[in-house]
Number of protein chains: 2
Amino acid sequence: MATLREIAELASVSVATASRVLNGSAQHHPVSRDVQASVRAAAQTLGYTPSAPAQALKQQRSKIIGVIASDILDPYFAEMTRGIEIEAAKYGYVTILANANRDPDQERTKFRVLREHQVSGIIFCGSDIEGSPGTAELAREVNLAVRSGTRVVALAPRGFDSTKIVIDNVAAAHELTRYVLSLGHRNIAFIGGIPGLSAAEQRIDGYRAAMFEEQAHPHVLGLSGMSQESGKDAVTQLIASGPLPDAIVCANDEVAVGVLAHLWGSGYKTPDDVSVVGIGGARSGAVFGLTTMTLPLVELGGLAARYIATAGTSPEVPAAPRFELHVGSTSAPR
Amino acid sequence: MATLREIAELASVSVATASRVLNGSAQHHPVSRDVQASVRAAAQTLGYTPSAPAQALKQQRSKIIGVIASDILDPYFAEMTRGIEIEAAKYGYVTILANANRDPDQERTKFRVLREHQVSGIIFCGSDIEGSPGTAELAREVNLAVRSGTRVVALAPRGFDSTKIVIDNVAAAHELTRYVLSLGHRNIAFIGGIPGLSAAEQRIDGYRAAMFEEQAHPHVLGLSGMSQESGKDAVTQLIASGPLPDAIVCANDEVAVGVLAHLWGSGYKTPDDVSVVGIGGARSGAVFGLTTMTLPLVELGGLAARYIATAGTSPEVPAAPRFELHVGSTSAPR
DNA sequence: GTAGCAGTGGAGAACGTTTTCCATTACGCT
DNA sequence: AGCGTAATGGAAAACGTTCTCCACTGCTAC
């Protein structure tokens with residue numbers, strides 16, 4: 001690996017000049033045209049590659065954005081991390097992806113490791129796991145870091161005081177439920193009550209509010225997790241407990257896919273027998289033509305990445321982007 | 001952030017000693033019990049965190065594994081990256097995830113960026129994109145790096161001479177097709193011919209070989225990509241072109257899911273009307289009870305990560321783990 | 001008694017950058 | 001002529017580690 005010193009030697013200039021031309025601030029300290037050219041030529045022939053660690057050491061900050069995802073396999077978070085990665089790359093940043101396996105202790109460990117790497121900022125993709133003992137400790141540690149200047153962004157409701165960019169889950173579920181009501185349905189079930197998961201709880205609130213507005217009776221089915229599998233389980237239970245409702249609002253698209261798969265497999269038709277809608281925007285529902293409240297997850301991740309990459313330049317916290325209804329073929333008027 | 005110098009000062013020892021106790025090789029150069037204790041105490045009270053960039057600079061190698069994924073959203077690669085992440089963490093490594101958007105030029109760019117970060121090794125998740133102009137240039141660059149000592153591992157058939165850990169796609173498809181034949185089916189279609197994608201081509205070869213062995217006529221349907229959407233398109237075409245075959249072998253689980261969704265949505269039953277099987281092991285097919293040839297993607301990623309993390313200690317290239325048939329409810333005897 | 005050696009500690013030179021000073025030149029003014 | 005100033009270049013000190021020497025202490029073995 002060629003170093004600045006070698007470049008400087010070949011171009012017969014000082015290391016300082018080589019640095020100014022290749023990586024540095026040629027605007028703060030001008031370098032003449034021809035010297036620039038010869039340095040660049042030298043760099044070209046020697047195949048110069050700057051050393052990121054050396055730069056990071058010197059500037060006390062590496063051009064890395066740390067991402068802690070609750071579950072890397074969940075399309076919901078995968079989508080966000082992708083948005084982060086793409087936007088970060090535009091600013092010359094790179095992302096370290098750490099998976100927390102939905103465990104606050106692992107989140108804490110990864111948080112530490114990321115700080116060791118002097119990352120420019122850390123993004124949390126995923127909600128609090130309440131009731132878990134490590135949650136409080138994580139919060140303490142994150143708060144400490146935030147106060148000492150580390151940029152931390154949470155892309156979900158979180159119990160620590162970092163910057164937060166969150167989608168309004170209440171409003172999304174509310175609007176979605178209103179849409180279903182507007183189709184004429186009144187007997188509408190909600191699948192996806194997960195105790196302690198704030199995002200899910202907020203969606204339930206939105207659903208409830210919309211139902212109350214139309215004097216319809218809310219009916220919430222509990223779930224063990226936001227997965228296709230548990231969607232399947234829930235709808236199995238729903239079928240067993242009597243006639244199907246007019247429509248089913250699912251807490252997210254994964255759940256909706258599980259619901260649809262089971263319904264179709266059991267001989268039910270959507271939207272003829274029942275309308276099914278989801279919340280998400282990950283692509284998993286596309287194959288079923290799922291009606292869903294699309295959440296701009298990629299944009300959300302991008303905003304967080306940009307917020308960190310442009311720290312200092314533009315300190316204002318961006319507002320979360322707005323969700324959007326995508327009408328598919330799994331919902332229809334009553 | 002506390003530094004070694006501060007620790008040393010507090011514990012009234014030299015920086016060298018502090019380093020030896022906290023990060024270093026206390027075995028190469030012994031440090032007395034009580035000095036160790038006081039250094040550790042000092043580190044504790046000051047909240048010492050080693051600086052990864054400084055370490056990386058000194059040792060010319062950071063404890064980072066670079067991962068270049070063809071498509072971060074594809075569950076197939078997501079699974080691998082997860083395996084990499086988990087195994088890497090066991091060795092104190094962290095992973096930088098770069099998305100290449102199935103574009104060799106982006107792969108090249110990311111490859112460079114990763115090298116700038118002095119990563120310990122780089123893992124490619126994803127096949128060659130043949131016909132694309134950047135492929136040759138990428139190969140040249142990778143080969144150069146490999147020759148100069150960079151550890152590169154490809155987890156798919158690749159046109160450059162890095163270490164490769166690849167699943168035997170031919171054998172997997174062959175075995176899967178033999179299983180379908182063993183159920184008594186003879187009219188078996190294969191969905192998933194993607195020109196230039198070596199993994200897909202190898203699976204076709206395996207399918208063909210098995211069909212020939214039983215004197216059955218292979219029938220391969222082309223595809224524009226390995227996605228649910230294109231699976232749907234292909235089966236639409238299949239339905240339009242006459243009676244359904246006895247069974248459909250899909251190039252991967254994503255395609256199979258698309259096929260199943262469309263079949264179920266069109267009123268066909270599996271396995272009554274047609275058996276459908278896939279290749280994958282990502283979880284996407286689980287909700288349909290898909291019969292699939294499970295590929296140990298997580299393990300595969302883990303092997304690659306370990307290979308890089310233990311460089312020097314164990315230089316031998318691990319063999320790829322073996323696939324395994326998972327029989328679900330979408331296939332049945334004729 | 002002294003050479004050799006294991007055990008323990010410290011000084012200081014890297015690693016490759018960035019950046020703050022300082023030095024030199026050239027120029028436009030008075 | 002003298003001087004302020006912009007343009008351009010270099011020397012050298014950091015940044016936080018690791019690690020190679022080197023130094024000192026007690027030993028043991030002759």
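Computed from a prediction, not measured in an experiment: that's the story for all the values here. Letters A, B, ... are given to chains in the order of the sequence lines, protein chains preceding strands, and every chain is numbered from 1.
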**Report entry** Of B:H28 and B:K58, the one whose closest DNA chain C nucleotide lies more 5'
**Finding:** B:H28
Take the protein atom [atom1] of [X] and the nucleotide atom [atom2] of [N], then report the distance between them rounded to whole Å.
| X | N | atom1 | atom2 | result |
| --- | --- | --- | --- | --- |
| B:L4 | C:dG12 | CG | P | 18 Å |
| A:Q55 | D:dG16 | CD | C1' | 16 Å |
| B:E9 | D:dG16 | CD | P | 13 Å |
| A:M1 | C:dC15 | CE | P | 16 Å |
| A:Q36 | D:dT8 | CD | P | 9 Å |
| B:L57 | C:dT17 | CG | P | 9 Å |
| B:Q59 | D:dT20 | CD | P | 12 Å |
| A:R33 | D:dA7 | CZ | C1' | 14 Å |

Query raised in the report: ring pair (Phe, Tyr, Trp, His ring centres under 6.0 Å) with B:F160: which residues, sequence neighbours excluded?
Result: B:F124
In chain order, what residues pass the side-chain hydrogen bond (donor to acceptor under 3.5 Å, both in side chains) check against [X], with sequence neighbours excluded?
| X | result |
| --- | --- |
| B:N23 | B:Y48 |
| A:T81 | none |
| B:R115 | B:T150 |

Report summary line: Per-helix bend value, the helix from C:dG1-D:dC30 to C:dT30-D:dA1, C1' rotation axes over five pairs per end, 10° rounding, shows 50°
Output all residues satisfying side chain to side chain contact (heavy atoms under 4.5 Å, CB included) with [X], sequence neighbours left out; order by chain, then residue number.
| X | result |
| --- | --- |
| B:A320 | B:I165, B:L300 |
| B:T109 | none |
| B:T49 | A:E116, B:M1 |
| A:S127 | A:A156, A:P157, A:L197, A:S198, A:A199 |

Below 4.0 angstrom from OP1 or OP2 of [N], is there any side-chain N or O of [X]?
| X | N | answer |
| --- | --- | --- |
| B:N23 | D:dT17 | no |
| B:Q118 | C:dG16 | no |
| A:Q60 | C:dT18 | no |
| A:T17 | D:dG10 | yes |
| A:T3 | C:dG16 | no |

Report task. Using a strict 4.0 Å threshold on nitrogen-to-oxygen distance, state whether A:E87 and A:K90 make a salt bridge. Result -> yes
**Report entry** Flag side-chain contact, heavy atom, 4.5 Å: B:I123 against B:Y307
**Finding:** no
Query - Validation row: A:R158, A:L138 side chains within 4.5 angstrom (heavy atoms) - result: yes
Checking all strands, does [X] fall into the base, sugar-phosphate, or nothing category for heavy-atom contacts under 4.0 angstrom?
| X | value |
| --- | --- |
| B:P53 | nothing |
| B:S19 | base |
| A:R5 | nothing |

Query raised in the report: Nearest of D:dG16, D:dT8, D:dA11 to any side-chain atom of A:P30?
Result: D:dT8
Query raised in the report: When you measure from the side chain of B:S32, which nucleotide among D:dT8, C:dG9, C:dT19 comes out closest?
Result: C:dG9
Report summary line: residues 4-23 of chain A vs salt bridge (charged side-chain N to carboxylate O under 4.0 Å, His left out), sequence neighbours excluded, gives A:R5-A:E9
Query raised in the report: Counting only non-hydrogen atoms, which of residues 40-47 of chain A are less than 4.0 Å from DNA chain C?
Result: none
Polar atom pairs between nucleotides 22-27 of chain C and protein, under 3.5 Å, N or O only, would you list them?
none

Query raised in the report: Got a donor-acceptor contact below 3.5 angstrom from the A:N101 side chain to the A:D103 backbone?
Result: no
